[in-house]
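Notes for the one structure printed next.
Given the structure is predicted, the values throughout are model-derived calculations rather than measurements. Whatever order the structure lists them in is the order used to number ligands and atoms, beginning at 1.
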Amino acid sequence: MSFKKKEKYNVGIVGATGAVGLRMTTILEERNFPVDRLFPLASKRSAGQPIQFKGESVIVEELTEKSFAGLDFALFSAGASVSRQFAEACVKAGCIMIDNSSAFRMEPNVPLVVPEVNPDAIGNDPNIIANPNCSTIQMVVALHPIHQKYRIKRVVVSTYQSVSGSGQKAVSELLTQSMAVLDNKKIDKQVYPHQIAFNCLPHIDAFLENGYTKEEMKMVNETRKILGDENIQVSPTTVRVPVFYSHSEAVNIETEHSISAEEVKSLLANAAGVRVVDGPEKNEYPLAIDAEGKDDVFVGRIRDDISQKNAINLWVVSDNLRKGAALNAVQIAELIIQRV
Ligand code: 25A
Ligand code: L14
């Protein structure tokens with residue numbers, strides 16, 4: 001490994017002022033990642049703005065090809081085009097790129113990593129590591145222990161995704177549209193093609209020729225890559241709902257071997273990164289508002305599929321900006337420094 005062990009590391013955050021970038025900084029601090037210096041980077045628009053880190057103000061700088069000199073890690077969350085534009089400069093500077101965008105996820109030589117699921121995919125000498133899509137991360141954390149024990153054949157999933165997945169401006173759009181509706185005023189649309197307040201949009205990311213959206217095809221292809229099994233069939237429908245933070249998912253799983261809800265409850269209760277919340281008699285099940293700000297993937301409504309043998313249903317909820325993005329990226333950096 002050309003990466004050298006140090007006591008502390010220089011870490012850049014590309015897209016530091018965005019919804020995910022802000023949480024990357026907070027999570028590095030919360031988890032006491034050994035940061036020597038933090039370098040918040042963003043577009044020219046945000047340069048000069050202060051970011052709070054460990055009780056100090058750090059000034060955001062404009063991202064340029066020179067930004068990576070002396071950095072050990074750069075955590076990218078500024079969209080796929082920024083990642084494509086700056087990947088080469090980052091790697092050439094000897095800086096490990098942990099990329100939250102969709103730019104490199106399906107490249108065969110780029111590891112796509114969820115630390116609880118496929119930590120070994122990182123390999124011995126990583127330069128670019130891709131952070132999977134948020135909906136995929138929370139689903140595979142729950143699927144992995146089930147796949148290992150019962151061998152998953154097929155997954156049918158519907159998502160209920162919060163607006164924060166599309167960044168800070170979408171959070172503002174839901175808020176202002178909601179207030180406009182309650183005030184009987186005309187609504188303004190900028191981020192989504194339709195009103196999101198008091199509505200559900202079966203449309204996340206662009207439509208493809210096969211009638212599915214890019215977000216749906218990420219769930220198909222990334223799930224196979226992370227679980228290392230090209231035979232898993234995934235049938236997804238991804239839906240935007242008027243929720244600020246956390247994605248929820250209804251997941252139906254069909255397995256090769258005989259499975260029961262009772263067994264899956266105890267299996268998931270002991271799985272890394274999972275918290276089972278399943279007390280229907282007390283109205284207890286995972287909720288988006290409870291998952292916000294937390295690290296776990298919450299799983300509940302665990303029940304046998306009454307229509308099909310060897311099949312179960314789950315309800316899976318997690319904070320899309322944390323485990324779905326910023327936390328997973330920081331965990332990848334932690335894995336790398338533990339291994340040198
Ligand atoms: O292509 P992808 O991979 O599908 O990703 C698309 C977008 O989704 C978000 C992220 O948006 C990304 O840009 N995203 C990606 N992965 C995600 C995930 N897993 C995810 N969201 C959730 N989960 P974002 O809004 O969260 O973050 C954007 C950040 O990127 C910085 N940025 C943009 N272009 C850049 C750049 N940094 C460097 N070079 C560039 N060329 C961006 O910084 C932000 O930090 P900024 O300076 O552009 O914006 C700072 C503030 O200004 C607001 N703003 C944005 N656009 C405008 C604007 N203000 C005025 N006018 C504008 N046109 C932003 O809201 C921000 O607060
Ligand atoms: O990581 O919710 O590919 O709009 C792209 C779209 C993340 C979230 C990705 C959204 C995403 C997203």
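Checked against the 6.0 Å centroid criterion, the rings of F39 and F53 do not qualify as a close aromatic pair. Aromatic pair F3/Y9: ring centres closer than 6.0 Å.
Checking K214, H247, Q161, R105 against atom 9 (C) of ligand 2, the nearest heavy atom belongs to R105.
Interface of C134 with ligand 2, defined as ligand atoms under 4.0 Å from a residue heavy atom, comprises 7 (C), 8 (C). Numbered from 1 in the order shown, with element, the atoms of ligand 2 that lie under 4.0 Å from a heavy atom of K218 read 3 (O), 5 (C), 9 (C), 11 (C). Heavy-atom contacts of S166 reach the following atoms of ligand 2: 2 (O), 4 (O), 10 (C) (cutoff under 4.0 Å).
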Walk me through it: do E215 and K218 pass the test salt bridge (Lys or Arg N to Asp or Glu O under 4.0 Å)? CA-CA 5 Å; E215 184 77 354; K218 289 174 216 165; 2.9 Å; yes

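One distance of note links NE2 of H247 with CG of D319; it measures 9.5 Å at 0.5 Å rounding.
Considering backbone and side-chain N/O atoms, S102 never comes within less than 3.5 Å of an N/O atom of ligand 2.
Residue M219 is tested with V155, T238, T213, V140 for a side chain to side chain contact (heavy atoms under 4.5 Å, CB included); the sole match is T238.
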